[in-house]
Amino acid sequence: MTQFAGQPTTHPRLCRPRVSYRGTVEELRIIHAGFGADGVEYHSAWTTQREIHAARVADEAPDTVILLEHNPEVFTAGRRTEPQDRPWDGSPVVEVDRGGKITWHGPGQLVGYPIVRLPEGVYVVDFVRRVEQMIIEVCAELGLETDRVKGRSGVWVLAAHEGEQDRKVAALGLRFAQNVTMHGFALNCENDLDWTSRIIPCGIPDADVTTLSRELGRRVTVEEVVPIVERHLHLLTEPKGAATDRVRNKVTA
């Protein structure tokens, strides 16, 4: 069992069995790596991702999703990050091998790292849409209506009034190697947003960032959101053409 450096031993949870496109029953492993005061340092989590990814490529590990909070806070920059997006105050940045631009991770934000083999016929853009759809459904269960914004990844609260900007509640940054995914999503629950003044989040200057707590007008903790996310993770590994795929295709057409 994988253990994160400096973290207490954690026990993987198994999601309900799923039926693969071959008709066999498989399991989705969920690892709670650390939350709150036991949050995981970024480099430690990244090392563990790579270890599990290699094992999944070799069929020595099941599809896995790591759920955690990062602590201490960290800026990470994807391959498309522009110089003007970076912290103006000289804050350190971790250069990572995922897509997307610069973002922040820290306490109060739920991070999920799916390390799964793409189902047959499911391609990169399909998987990105699946992750978005999963988060949209999580937000809906909490009572928050969210959507996609054309040309921009992530999950958004759309502006309702003139003069407002769309507000991103969840960011995505993924890597695909040997048909297995890495990196993932970050869902803002109750994290401080002061960091948004130090960078251009995701390299998008004409949009805002928000949290579930701010939008719902109450405290929404990572602890509350984790089991809701778990109930929807099966969307990531469904066979091609499942009912949820048809919903996604209709939305993005």
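With values rounded to the nearest 0.5 angstrom, Met134 atom CE is found 7.5 Å from Leu235 atom CG. We find the CZ-CG distance between Arg117 and Asp59 to be 4.5 Å, quoted to the nearest 0.5 Å. Note that the CG atom of Asp38 and the NE2 atom of His32 stand 13.5 Å from one another [nearest 0.5 Å]. In this structure, CZ in Phe75 is found 9.0 Å from OG1 in Thr103, a value given to the nearest 0.5 Å. With values rounded to the nearest 0.5 angstrom, Leu193 atom CG is found 6.5 Å from Thr210 atom OG1. Interatomic distance, CG of Leu187 versus CG of Leu212, reported as 4.5 Å (0.5 Å rounding).
Taking all atoms of both residues into account, the shortest heavy-atom contact from Glu224 to Leu142 is OE2-CD2, 3.5 Å. Heavy-atom minimum distance, Val94 versus Trp46: CG1-CZ3, 4.0 Å. The shortest heavy-atom contact between His70 and Ala45 is CE1-CB, 3.6 Å. In plain terms, the two heavy atoms of Arg86 and Ile102 that are nearest each other are CA-CD1, 4.0 Å. Residues Val93 and Ala77 share a closest heavy-atom pair of CG1-CB, 3.6 Å. The shortest heavy-atom contact between Gln49 and Ile66 is CG-CD1, 4.2 Å.
Counting heavy atoms from C-beta on, the side chains of Val220 and Thr211 never come closer than 4.5 Å. Using a 4.5 Å cut-off on side-chain heavy atoms (C-beta onward), Arg130 and Pro119 make contact.
If you chain together hydrophobic residues whose side chains sit under 4.5 Å apart, Leu236 and Tyr123 never meet in one group.
Between the side chain of Ser213 and the backbone N or O of Cys189, at least one donor-acceptor pair lies under 3.5 Å. Looking at Trp88, its side chain does come within 3.5 Å of a backbone N or O of Ser197 through a donor-acceptor pair. Panel note: side chain Glu41, backbone His43; a donor-acceptor pair is recorded below 3.5 Å. No donor-acceptor pair closer than 3.5 Å links the side chain of Glu69 to the backbone N or O of Pro107. When atom types are taken as modelled, the side chain of Trp156 and the backbone of Ser153 share a donor-acceptor pair closer than 3.5 angstrom. Under the 3.5 Å distance criterion, the side-chain polar atoms of Arg98 are matched with a main-chain donor or acceptor of Lys101.
Checked against side chain to side chain donor-acceptor pair (under 3.5 Å), Thr64 has the following partners two or more places apart in sequence or in another chain: Arg29. Take Glu141 and apply the side chain to side chain donor-acceptor pair (under 3.5 Å) test, not counting sequence neighbours, and it matches Arg231, His232. Evaluation of the side-chain contact (heavy atoms from CB on, under 4.5 Å) rule for Glu162 yields no partner, not counting sequence neighbours. Residues forming a side chain to side chain donor-acceptor pair (under 3.5 Å) with Gln109 (at least two apart in sequence, or on another chain): His105, Asn188.
Looking at Asp166 and Arg152, no side-chain N of the basic residue comes within less than 4.0 Å of a carboxylate O on the acidic one, giving no salt bridge. No salt bridge links Glu132 with Lys168; every basic N to acidic carboxylate O contact stays at or beyond 4.0 Å. The pair Asp63-Arg56 counts as a salt bridge, with a side-chain nitrogen and a carboxylate oxygen less than 4.0 angstrom apart.
No more than 12 heavy atoms of other residues, nucleotides or ligands shown are found within 6.0 angstrom of CD on Glu145.
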Practice prompt. Before giving the answer on side chain to side chain contact (heavy atoms under 4.5 Å, CB included), spell out for Thr146 and Glu215 the whole-Å C-alpha distance, their side-chain angles and the decisive distance to 0.1 Å.
Written response: CA-CA 11 Å; Thr146 56; Glu215 295 298 327; over 6 Å; no

Item to complete: Would you check, one step at a time, whether the test side chain to side chain contact (heavy atoms under 4.5 Å, CB included) holds for Trp104 with Glu73?
Response: CA-CA 7 Å; Trp104 172 96; Glu73 69 173 10; 2.9 Å; yes

Practice prompt. Take Tyr113 and Ile52 through the side chain to side chain contact (heavy atoms under 4.5 Å, CB included) test and state the conclusion after the steps.
Written response: CA-CA 11 Å; Tyr113 294 128; Ile52 297 175; over 6 Å; no

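Every pair passing salt bridge (Lys or Arg N to Asp or Glu O under 4.0 Å) that includes a residue from residues 180-195 is listed here, sequence neighbours excluded: Glu190-Arg219.
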For residues 169-186, run the donor-acceptor check on the side chains, cut-off 3.5 Å, and write out each pair with its distance to 0.1 Å, sequence neighbours left out.
{"unit_1": "Arg175", "atom_1": "NE", "unit_2": "Asp97", "atom_2": "OD2", "d": "3.4"}
{"unit_1": "Thr181", "atom_1": "OG1", "unit_2": "Pro114", "atom_2": "O", "d": "2.7"}
{"unit_1": "Thr181", "atom_1": "OG1", "unit_2": "Val116", "atom_2": "N", "d": "3.1"}
{"unit_1": "His183", "atom_1": "NE2", "unit_2": "Asp97", "atom_2": "OD1", "d": "2.7"}

